[in-house]
Number of protein chains: 2
Amino acid sequence: MPDQHSTLRAQRRADTQRTIQAHAVRLFTERGYDATTVTDVAEAAGVSPMTVYRHFPTKEDLVLADRNGRLVAERIAASSAAQPLVRRIGTALIDSAATLTDGGPGSDPTANERFLLARLRLMISTPALRARHLDNHYALQQAIVDAVGGDTTDPDAVFPTRAAAGACLAALHTALVRWAEDDGRTALPDLIAKALAAAFGDDITGTRPNT
Amino acid sequence: MPDQHSTLRAQRRADTQRTIQAHAVRLFTERGYDATTVTDVAEAAGVSPMTVYRHFPTKEDLVLADRNGRLVAERIAASSAAQPLVRRIGTALIDSAATLTDGGPGSDPTANERFLLARLRLMISTPALRARHLDNHYALQQAIVDAVGGDTTDPDAVFPTRAAAGACLAALHTALVRWAEDDGRTALPDLIAKALAAAFGDDITGTRPNT
DNA sequence: ACCAATCTGGTAGTGACTACCGCTCCGGTA
DNA sequence: TACCGGAGCGGTAGTCACTACCAGATTGGT
């Protein structure tokens with residue numbers, strides 16, 4: 001069988017996924033996450049509760065589902081190993097954020113950006129989602145370590161890399177929270193740069209933040 | 001009514017809490033977290049499932065319950081505001097860890113330290129616990145910000161503090177993971193100092209790690 | 001036209017968690 | 001010493017997330 005098994009099947013599957021997730025985020029925002037049952041989401045999306053669980057393993061994944069982590073890891077693996085770790089990771093995070101929010105930065109939020117903000121607000125305000133989101137960052141930390149280190153398996157060798165990656169992701173998270181508080185009015189890459197500068201010193205980011 | 005309502009009541013309550021938590025951690029370690037039901041824990045502790053829920057709001061709290069966060073925040077509030085933020089928070093974390101694991105550092109782990117290690121291993125290996133543990137660190141981050149900032153309410157003013165505190169706690173988490181991987185053979189304060197040095201540079205910790 | 005794989009839905013069940021209600025025992029008071 | 005208020009403890013019934021196990025429908029390749 002071809003790996004691209006069927007364009008039509010994959011298309012329909014992706015469509016229903018997007019539909020379910022859109023209705024889920026809308027309902028969670030309107031009524032609250034805990035007050036909305038999976039059955040409510042299924043009814044709003046016009047599918048059965050079973051179908052929801054087939055596309056999203058848990059209720060939390062209805063908000064968290066996202067594949068941006070891979071992007072960051074790839075960007076780091078492709079970056080130059082000559083510069084210091086924190087700068088290497090930091091620039092990758094800033095560039096990835098710029099790619100993700102490439103629409104108008106302040107006055108004209110694109111639909112994609114509004115959806116990102118809605119999901120982010122839910123992730124921050126709902127304890128269960130916030131916890132899982134932070135755990136996703138922990139998984140991303142390990143992916144970054146793998147992308148940086150190459151092939152080290154000695155735990156003593158990867159330890160400093162893990163520490164640096166974790167600290168960078170904490171700065172990213174702080175920037176994301178601030179971005180959501182600000183309703184996306186400030187450009188996300190600038191916020192990440194500022195967070196990195198606050199944690200590691202102004203000299204760590206390659207290009208200084210413009211604010 | 002006096003705030004110290006009754007020594008005997010509080011004593012018995014604390015006793016049952018410790019008993020339930022001890023049996024819970026033991027069962028979770030033996031059979032796995034997901035494979036152990038709250039009813040199992042209740043039976044092992046000799047109480048009813050209801051009593052477990054009275055003492056621990058969720059199953060996860062059976063592993064996570066601890067009040068060390070308050071210690072860190074108090075230590076930071078009492079520290080000198082003259083030194084840079086990261087050093088101020090970092091030394092507080094190192095000192096708190098030293099207080100917490102004051103038993104023999106390597107060869108003679110005290111019972112308290114073994115219990116800490118068992119809980120930590122569960123927190124790291126079980127996704128749900130790991131997520132909640134990271135969320136506790138997020139709450140601790142806000143407590144640190146409050147302890148540092150005094151009375152700033154402007155989000156733009158607390159942003160750098162949040163970033164620095166988050167990055168420090170990420171380093172702490174990396175050190176905790178390494179400590180658990182190492183079965184507590186390396187002194188935890190030294191690991192924290194090494195993690196902070198790896199993230200922020202060797203000059204940030206007041207006293208250099210001795211390894 | 002046929003077959004295999006996939007998508008979808010239903011049923012029944014487990015387990016975490018939450019009201020709501022009584023019982024018992026401790027701690028101070030008349 | 002007898003008594004009363006409150007706190008700890010247990011039971012019942014229910015909601016909801018989530019998981020097998022099974023059956024029908026649709027699509028893609030032969």
Side-chain angles (χ1 to χ4, degrees), chain A residues 1-21 23-25 27-28 31-65 122 126-132 135, chain B residues 1-21 23-25 27-28 31-65 122 126-132 135:
Chain A
M1 64 178 76
D3 61 339
Q4 177 82 7
H5 187 52
S6 146
T7 308
L8 198 143
R9 279 236 161 105
Q11 185 70 27
R12 289 176 71 88
R13 183 172 180 82
D15 281 349
T16 53
Q17 274 200 13
R18 262 192 300 274
T19 303
I20 292 173
Q21 195 183 26
H23 283 280
V25 171
L27 289 179
F28 292 161
R31 311 183 195 169
Y33 178 79
D34 292 320
T36 308
T37 69
V38 175
T39 306
D40 293 338
V41 174
E43 285 179 6
V47 296
S48 83
M50 294 299 311
T51 305
V52 176
Y53 282 114
R54 295 211 197 276
H55 288 272
F56 300 91
T58 73
K59 182 184 179 185
E60 294 156 359
D61 287 300
L62 284 167
V63 179
L64 295 162
L122 283 170
T126 309
L129 295 175
R130 190 177 53 218
R132 281 266 336 244
D135 193 48
Chain B
M1 67 176 74
D3 62 339
Q4 174 83 7
H5 187 54
S6 146
T7 309
L8 198 144
R9 278 237 164 104
Q11 185 69 29
R12 288 176 72 88
R13 183 171 177 84
D15 281 348
T16 53
Q17 274 200 14
R18 262 193 299 274
T19 303
I20 292 173
Q21 194 182 27
H23 282 281
V25 171
L27 287 179
F28 291 160
R31 311 183 196 169
Y33 178 79
D34 292 319
T36 308
T37 69
V38 174
T39 305
D40 293 338
V41 174
E43 286 179 4
V47 295
S48 84
M50 293 301 309
T51 304
V52 175
Y53 282 114
R54 292 207 200 279
H55 288 271
F56 300 91
T58 74
K59 181 185 180 186
E60 294 155 359
D61 288 299
L62 284 167
V63 179
L64 295 162
L122 283 170
T126 309
L129 295 176
R130 190 177 53 218
R132 282 269 332 247
D135 192 49

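Numbers restart at 1 for each chain; the letters A, B, ... are given by sequence-line order, proteins then strands.
- With A:I20 as the fixed residue, the side chain to side chain contact (heavy atoms under 4.5 Å, CB included) test singles out one of A:D15, A:V47, A:V25: A:V47.
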Item to complete: Test B:D61 against B:R132 for side-chain contact (heavy atoms from CB on, under 4.5 Å), laying out the working first.
Response: CA-CA 9 Å; B:D61 288 299; B:R132 282 269 332 247; 3.1 Å; yes
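- Among B:T36, B:D40, B:D34, the one residue that satisfies the side chain to side chain contact (heavy atoms under 4.5 Å, CB included) test with B:F28 is B:T36.
- A:H55 has a side-chain polar atom (N or O) that falls below the 4.0 Å cut-off from OP1 or OP2 of C:dT8.
- Listed nucleotides D:dC18, C:dT18, D:dG8 differ in distance to B:Y53; the shortest reach to its side chain belongs to C:dT18.
- No contact: A:T39 has no heavy atom under 4.0 Å from any strand.
- Between A:R13 atom CZ and C:dA5 atom C1' the separation is 13 Å, expressed in whole Å.
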Practice prompt. Produce a footprint string for nucleotides 20-25 of chain C: one letter per nucleotide, 5' end first; B if the base is under 4.0 Å from any protein heavy atom, S if only the sugar-phosphate is, - if neither.
Written response: -----B
Item to complete: Evaluate the side-chain contact (heavy atoms from CB on, under 4.5 Å) criterion for residues A:H55 and A:R13: first the C-alpha distance (whole Å), next the side-chain angles of each, then the deciding distance (0.1 Å), finally the verdict.
Response: CA-CA 8 Å; A:H55 288 272; A:R13 183 172 180 82; 3.6 Å; yes
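- Sequence order on DNA chain C of the closest nucleotides to B:R12 and B:V38 puts B:V38 first from the 5' end.
- If you measure from atom CZ of A:R132 to atom C1' of D:dC18, you get 14 Å, rounded to the nearest angstrom.
- Listed nucleotides: D:dC18, C:dG10, C:dA16. Nearest to the side chain of A:S48: C:dG10.
- The residue A:P57 sits close only to the backbone: its heavy atoms come under 4.0 Å of sugar-phosphate atoms, none of a base.
- The nucleotide whose nearest atom lies closest to any side-chain atom of B:K59 is, among C:dG10, C:dC17, D:dG11, C:dC17.
- Rounded to whole Å, the distance from CG on B:D34 to P on D:dA20 is 12 Å.
- Taking atom CD of residue B:Q11 and atom C1' of nucleotide C:dC26, one finds them 15 Å apart after rounding to whole Å.
- Taking both residues in full, the closest heavy atoms of B:R18 and B:Q11 are given as NH2-NE2, 4.5 Å, listed atom of the first, atom of the second, then distance.
- Computed from coordinates, the A:E43 CD to D:dC16 P distance equals 12 Å when rounded to whole Å.
- Screening B:L62, B:V63, B:L64 for a side chain to side chain contact (heavy atoms under 4.5 Å, CB included) involving B:F56 leaves a single residue, B:L62.
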